[in-house]
Amino acid sequence: MSSLLDVVLSSAFLAAVLRVATPYLLAALGGLVAERSGISNIALEGQMLGAACTGALVAGYSHSVALGAVCGVAVAALMGVLLAALRLELGADAIIAGIGLNLLASGGTAFAVYTLLDDKGGTSGLKSGTLPTVTLPGVESVPVMGDVVSGQNMITWLAFLAAPFVAWLFFRTRFGFHLRAVGEMPDAAASVGIPVRRVQYAGLALSGALAGLAGVFLSMGYVSFFVRDMTAGRGFIALAAVFLGGLRPWGVFLAALGFGAAEALAVQLGTLDVPPQLVSTIPYALTLVALALYAWRRKRRGATAEVAASL
Amino acid sequence: MTGTLIETEDRREYRATRRRDLAVDLSMALATILAALAIGFLVMLATGNNPIKAYEVMLTGPLDRSFRVGRWLEDATTLTLLGLSVAIPFRARQISLGAESQLYAGALAAGTVAIFLPLPPVAAVIVPMVAAAGAGAGMGLVPGSMKARLGANEIVATLMLNAIVVRVYDYLVNGPLKEPGSSAVHSKSIQDDSALTPLTDWFGTPMGRANIGFGVMLLTAVALWLLLTRTPLGYRIRMTGSNPGFAEYGGIKVPRVIEWSFVIGGAVAGLAGAHLVQGVYGRLEPGLAGSLAFEGIVVALLARNNPLVVVVAGLFYSYLRAGGDIMEQQTDVGTEIVVVIQAVIVLLVTAQALPELLKRRLTRRQVGVR
């Protein structure tokens, strides 16, 4: 047990947590923005995949990492707009349309890579590079924090800035007020002159862009290439974090960070004598319990409200 | 059949409506498929492949040899069962994404019983299947009652349960259930008596791993169709799905119906797990189901949740999959294009509002003419 503590408290482990949590943070905040706008974005997974693949391919061919990242994020944002269009223009169920987009991304990226590179596995044959890491001159020499914070990829920094950004957006800006109003009660929002559709399109585009950043991090931060289906269910976990976090920016932030920590821990435990598969079920079981508790509490509150209303 | 003239007429009209609905469902599925294939054609053309040759191989390949037919039927069995399993909750307007957890729970139950429990010949086949259906139903009950009793979001609940069960399965196959002394990761083989009879034994030609699970699947589809159209519970499920508020008002206990829809769906997905263990692999393997659970959703949607049409959609969809594999072997075009075609199918299916929109516009024009 003491060895476990040693591992968990080491600065290398904490640095790993930040790294592993990055895609969860970004994708979960993206899911939050969509959820709050009233359209569930279950296509987070596909958007990450699309962005990861586009990023690596464009960077590889153009020899510009920045251009790759921008294109990746743009593709994911477009997928968000497409989801909104399917929902708003064609009346599709957002969940089912999202499943379709996930399939499209999985098949489309594999098809694109195979067509362009004649390689079934991924883009490892293409030199696409990684986004730069950030080192802060002063922080590096601070004992523990220096090792944890310094040298992290720039997208990790962005991920941690994204949470305050989304909180600011939600509660301090006009767009945020509109977004939440639309998600809460579209008819009421429309009646006071809020352009409901435009707000939802913008919300889904932003949601896709955040998921896209997460995807770009996978193929241009973690590693420097795209591998088929490399998101490996992270989009769904991010979706869980959205609900576990109670649909609030800081709650979602903590939930996503927790999922990242759990995954990093599961990797570490592989070296000890604990079955990693069982450890990695903990966040999901927690979410399931939290979901039940949350619903139970809401139901009880609803019941009291009903009683109050009937009096 | 006795009754007043009005009753007979009423009945006749009801039947006609139902026949028409079935025809509409089938033709919609067909139109969707053709549109998706057309888009696939264009994609192949645009990427410099030869779509005519690819489609020729893809569409004739699976019938080429008897073992390829077997490969197709084997895939169709699992896929159709999974499609049926989500069609039932979908009918009650519950978006259950839990087929994966139900399938793995079913596979675990069927596998452990079939490996470790000595049983007399016929029971050795049936008991594991019953165990699988029970385990699947139990996995359906969890999100089902969370939704019905607490109002917890069923999408998140089923996704979480999937993640948990798949990992527990993975752990068991890598650990306690792993065949001792084997270097590869899988369980011991099931007892010979527990295996589902291969179709090869029946038809005398090599049919690969296709087995009488196919017949079980057909029976299940008919049973579910009868359940939905001929029983009070089926009526309640359909009512709950088409208008929950009205169903509640009409005295239907909506939460209980929702729970049942999850339990029934779970049992069917459990059977899919049993089919994979007892019919296809003969043991517990890691990653048993691949991405099939999600593709079952596509099949159910394509069939508009009509159990009989699910069979047709399942057969077609697995034909595409089988054809895609053969296409990959014989031409330069990879199976990825099949996934793209599948995705297009889903997106077209979701845009069901499209024909609705057309219909509404047509009616409006008619009204305007009058």
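Order of the sequence lines sets the chain letters (A, B, ...), proteins ahead of strands, with each chain counted from 1. What you see below is based on every heavy atom in this structure, not just the backbone, and it leaves out hydrogens, waters and symmetry mates.
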Heavy-atom distances under 4.5 Å only: say whether [X] touches chain B with side chain, backbone, both or neither.
X	value
A:Ile42	side chain
A:Leu288	both
A:Arg87	neither

**Study point:** Carboxylate-amine/guanidinium contact B:Glu259 B:Lys147, below 4.0 Å
**Key:**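 A salt bridge is absent here (no side-chain N lies under 4.0 Å from a carboxylate O).
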How far does [atom1] of [X] sit from [atom2] of [Y], to the nearest 0.5 angstrom?
X	Y	atom1	atom2	answer
B:Arg321	B:Leu292	CZ	CG	4.5 Å
B:Met327	B:Leu320	CE	CG	9.5 Å
B:Met146	B:Glu154	CE	CD	10.5 Å
B:Met58	B:Tyr319	CE	OH	9.0 Å
A:Glu45	A:Phe236	CD	CZ	5.0 Å
A:Leu247	A:Arg36	CG	CZ	6.0 Å

Given heavy-atom pairs under 4.5 angstrom as the criterion, report whether the side chain, backbone, both or neither of [X] touches chain A.
X	answer
B:Ile341	neither
B:Ile345	neither
B:Val298	side chain
B:Ile95	side chain
B:Ile164	both
B:Asn174	side chain

Practice item. Would you confirm whether B:Gln330, through its side chain, and B:Val57, through its main-chain N or O, come within 3.5 Å as a donor-acceptor pair? Key: no
Point to revise | Leading residue by heavy atom contact count with chain B [cutoff under 4.5 Å; candidates A:Thr109, A:Leu86, A:Ile95] | key: A:Ile95
**Study point:** Parallel, tilted or perpendicular: ring planes of A:Phe259 versus A:Tyr24, cut at 30 and 60 degrees
**Key:**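 Ring orientation, 0 to 90° scale: perpendicular.
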Practice item. Using only heavy-atom distances, determine whether the side chains of B:Ser261 and B:Gln94 contain a donor-acceptor pair under 3.5 Å. Key: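 No, no side-chain donor-acceptor pair sits under 3.5 Å.
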Exercise for review: For the residue pair B:Asn162 and B:Ser101, confirm or rule out a side-chain donor-acceptor distance under 3.5 Å.
Suggested key: yes
Review point. Which of residues 96-103 of chain A have a heavy atom under 4.5 Å from any heavy atom of chain B?
Key: A:Ile96, A:Ala97, A:Ile99, A:Gly100, A:Leu101, A:Leu103
